[in-house]
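A, B, ... follow the sequence lines: proteins, then strands. Residue 1 opens every chain. Side-chain atoms are counted along with the backbone in the values below, which use heavy atoms only and exclude waters and symmetry mates.
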Amino acid sequence: MVDAHADWPLIQVIGLTKIYRVGVETIHALRGLDLSIGRNEMVAIMGSSGSGKSTLMNMLGCLDRPTGGSYLMNGRDVSKMDANELAQVRNEEIGFVFQSFELLPRQTALENVELPLIYARGGWRGRKQRALAALDRVGLLDRVEHRPNQLSGGQRQRVAIARAILNKPSILLADEPTGNLDSATTTEILALFRQLHLEGQTVIIVTHENEVAAHCQRVVRLRDGRVLSDLSIEQDIAGRHLPTTAASSSGAAPPC
Amino acid sequence: MLNPLFWVQAITLAFSQIWANKSRAFLTALGIIVGVASTTAVIAALTGLKAKVLTEFESVGASKFFVFPDRPENAPRNMYPWEKILLKPAEAKAIRDECTLVKAITPITEVGLDVESEGKRIEGITVSGIWSDWHVVQNRFVQDGRPFSQIDDESERQVCLINEDAIRELDLPANATGEAILIGGRRFMIAGVVETTQARFFGMNTSSAEVFIPFSVAVKMQDRNFFMRIEGLFTSPDVAEDAEEEVRFVLRRMRGLSPGDPQTFQVAAIDKFIAQFKTLAAGITAIAGGIVGISLLVGGIGIMNIMLVSVSERTREIGLRKAVGATPMAILLQFLLEAVTLCLVGGFIGIAFGRLAALGLTLIPGAQLEQADVPFWAVALSFVFSAMTGIVFGMFPAIKAARLDPIEALRHE
């Protein structure tokens with residue numbers, strides 16, 4: 001599937017709009033957003049609350065459909081798909097990592113990692129080997145039979161990352177992946193993301209922390225449902241003295 | 001569309017959910033348990049009763065029939081005086097000689113007479129006049145001496161058969177064959193002793209002192225208008241309908257009844273009683289089925305309630321499953337399977353309790369339910385109904401889960 005559309009960017013978002021109706025009020029969460037992300041990029045999506053970054057993440061993760069515009073993933077128009085097709089795309093092309101890990105408490109690390117295979121189309125043979133391989137990549141081979149409450153926060157997030165990369169997704173989509181972790185563990189987890197990126201994985205991290213964004217190559221800042229800036233990390237750091245972004249620049253991390 | 005792994009994990013998950021919430025699951029399934037258990041017990045009791053009653057019918061003989069006089073319904077009494085409709089010996093003979101589907105037949109007339117042995121006199125013993133076929137019809141033979149033969153009746157021999165009770169009451173020697181007794185003042189020789197085993201009919205034990213004499217002799221000892229009935233056996237229970245028709249035809253001709261004239265007698269086959277009883281039993285079973293329906297309805301509402309709680313408790317889990325690629329159908333099936341599993345476990349426990357109750361029934365002294373048992377179809381039906389309850393009442397919560405928006409679900413606290 002990837003090879004068939006190798007000439008397309010991995011993600012091509014054109015004029016994306018999303019309108020929510022809350023009672024009589026109409027909320028324009030996205031107002032014609034354009035964005036293109038290539039294969040093997042590591043991108044941070046930033047913005048204050050209300051900027052539309054959560055909405056964009058839901059769209060990119062195929063959890064929701066846009067009101068207008070189009071979203072091409074590997075050249076396929078995802079915005080026109082029905083619920084079942086979206087479920088399949090999420091299963092095969094997207095790996096989610098959440099702020100609060102979202103592990104099933106009564107299942108072992110291995111069972112948690114296997115979860116996406118339950119909903120996969122065929123090819124579920126050798127699932128244990130695949131799950132073990134994923135756990136090996138996140139360095140948790142010695143914790144396969146542990147349950148989430150027997151694991152530290154960092155280990156839990158590693159299990160969640162192993163679950164996300166199990167089906168070799170096109171996009172690893174992380175939503176504030178270090179929001180519940182201390183600084184030492186944050187560094188560990190971000191190093192893991194970088195490692196996966198070096199191995200060829202496309203990574204998108206939604207965050208509001210500059211120190212997290214500092215681990216990425218590229219920073220996309222949103223405001224009022226549009227792209228405010230789309231810069232390389234070096235340009236982004238250099239531009240942080242500008243008034244437009246100064247508000248969110250407190251506690252800026254040094255470049256990596 | 002859904003791979004085998006899905007089914008394995010869905011079923012495992014269903015059981016682990018029940019295991020994780022044991023007391024809640026038990027209380028929820030209680031409605032189903034009680035419903036299935038009580039119905040199973042009722043069906044077991046019915047099965048026992050049916051077996052008991054049918055055995056009693058069998059002991060009488062499924063191919064047995066009775067003929068007795070009967071005044072037509074709504075007919076004026078003076079048009080059909082009793083003496084006109086009484087059965088006559090000639091009618092019994094005609095049935096014996098002409099009905100090809102009748103294997104054995106005997107007229108029976110009973111008269112209360114004083115019976116006297118050398119040392120003892122008993123007043124008002126029931127003395128029955130019978131043909132030799134009586135042995136076959138009532139399935140009672142002699143344990144001592146000889147049975148009646150056709151000659152006894154044709155030559156009006158002064159012989160009699162008695163039972164052990166009569167021997168005791170008359171102070172006769174144990175081997176009474178050949179002794180002489182006075183019946184109604186006439187001297188009879190005891191030809192044989194008949195088995196005391198009486199056909200017990202619904203617990204009514206008619207066994208007491210019994211004396212039998214040839215029918216032709218009994219007729220002579222009665223008034224001109226005496227009452228008699230006819231008992232007989234058809235060649236097999238299967239021909240009961242045709243055989244009844246045959247007997248009816250012969251009797252109508254004997255009585256000169258033209259077509260359209262009301263019948264002045266009744267032919268009743270045991271076969272019909274059995275059919276009637278079976279209909280009754282089926283009716284009671286249907287009522288029991290209705291009761292289980294109501295209890296499953298009540299139990300089902302409990303299931304629906306707990307499944308709604310489960311969906312709401314596990315909203316984030318549903319959101320996660322959707323995020324990793326679960327289709328709405330996969331979520332629906334998972335919750336439906338959970339409801340069905342809960343109901344089936346309830347049904348299983350219910351059947352176990354029902355069986356225990358059935359076992360208890362067999363131990364009640366005097367209840368005559370020794371044969372109470374839970375038939376296989378009742379077990380199968382209980383499972384099917386339990387599963388259906390799970391599907392019907394689990395559907396709404398499952399649809400609710402399947403329709404959850406993954407974004408909202410993941411944000412749920």
Can you see which heavy atom on [X] is nearest to which on [Y], and at what distance?
{"X": "A87(A)", "Y": "T327(B)", "answer": "CB-CG2, 3.8 Å"}
{"X": "P328(B)", "Y": "N84(A)", "answer": "CD-OD1, 3.4 Å"}
{"X": "R90(A)", "Y": "A326(B)", "answer": "NH2-O, 4.2 Å"}
{"X": "V324(B)", "Y": "Y119(A)", "answer": "CG2-CD1, 4.2 Å"}

At what distance, to the nearest 0.5 angstrom, does [atom1] of [X] lie from [atom2] of [Y]?
{"X": "I407(B)", "Y": "L63(A)", "atom1": "CD1", "atom2": "CG", "value": "5.5 Å"}
{"X": "Q9(B)", "Y": "L117(A)", "atom1": "CD", "atom2": "CG", "value": "11.0 Å"}
{"X": "L104(A)", "Y": "R314(B)", "atom1": "CG", "atom2": "CZ", "value": "9.0 Å"}
{"X": "E317(B)", "Y": "Q107(A)", "atom1": "CD", "atom2": "CD", "value": "7.5 Å"}
{"X": "R106(A)", "Y": "L13(B)", "atom1": "CZ", "atom2": "CG", "value": "7.5 Å"}

What part of [X] is in contact with chain A, defined as an atom under 4.5 angstrom from a non-hydrogen atom: side chain, backbone, both or neither?
{"X": "R321(B)", "value": "both"}
{"X": "A20(B)", "value": "side chain"}
{"X": "Q334(B)", "value": "side chain"}

Exercise. Checking S54(A) against chain B: side chain, backbone, both or neither under 4.5 Å from a heavy atom?
Worked result: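 Neither part.
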
Exercise. Considering only heavy atoms, which portion of E111(A) lies under 4.5 Å from any heavy atom of chain B: side chain, backbone, both, or neither?
Worked result: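 Nothing of E111(A), per the 4.5 Å heavy-atom cut-off to chain B.
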
Is it the case that over 12 heavy atoms from other parts of the model lie below 6.0 angstrom from the [atom1] atom of [X]?
{"X": "E25(A)", "atom1": "CD", "value": "no"}
{"X": "R403(B)", "atom1": "CZ", "value": "no"}
{"X": "F15(B)", "atom1": "CZ", "value": "no"}
{"X": "F383(B)", "atom1": "CZ", "value": "yes"}
{"X": "F385(B)", "atom1": "CZ", "value": "no"}

Exercise. Taking the side chain as C-beta and beyond, is there a heavy-atom pair between L320(B) and F96(A) under 4.5 Å?
Worked result: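 Not in contact.
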
Problem set entry | Any E102(A) side-chain heavy atom under 4.5 Å of L410(B) side chain |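 Yes. Closest side-chain heavy atoms under 4.5 Å.
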
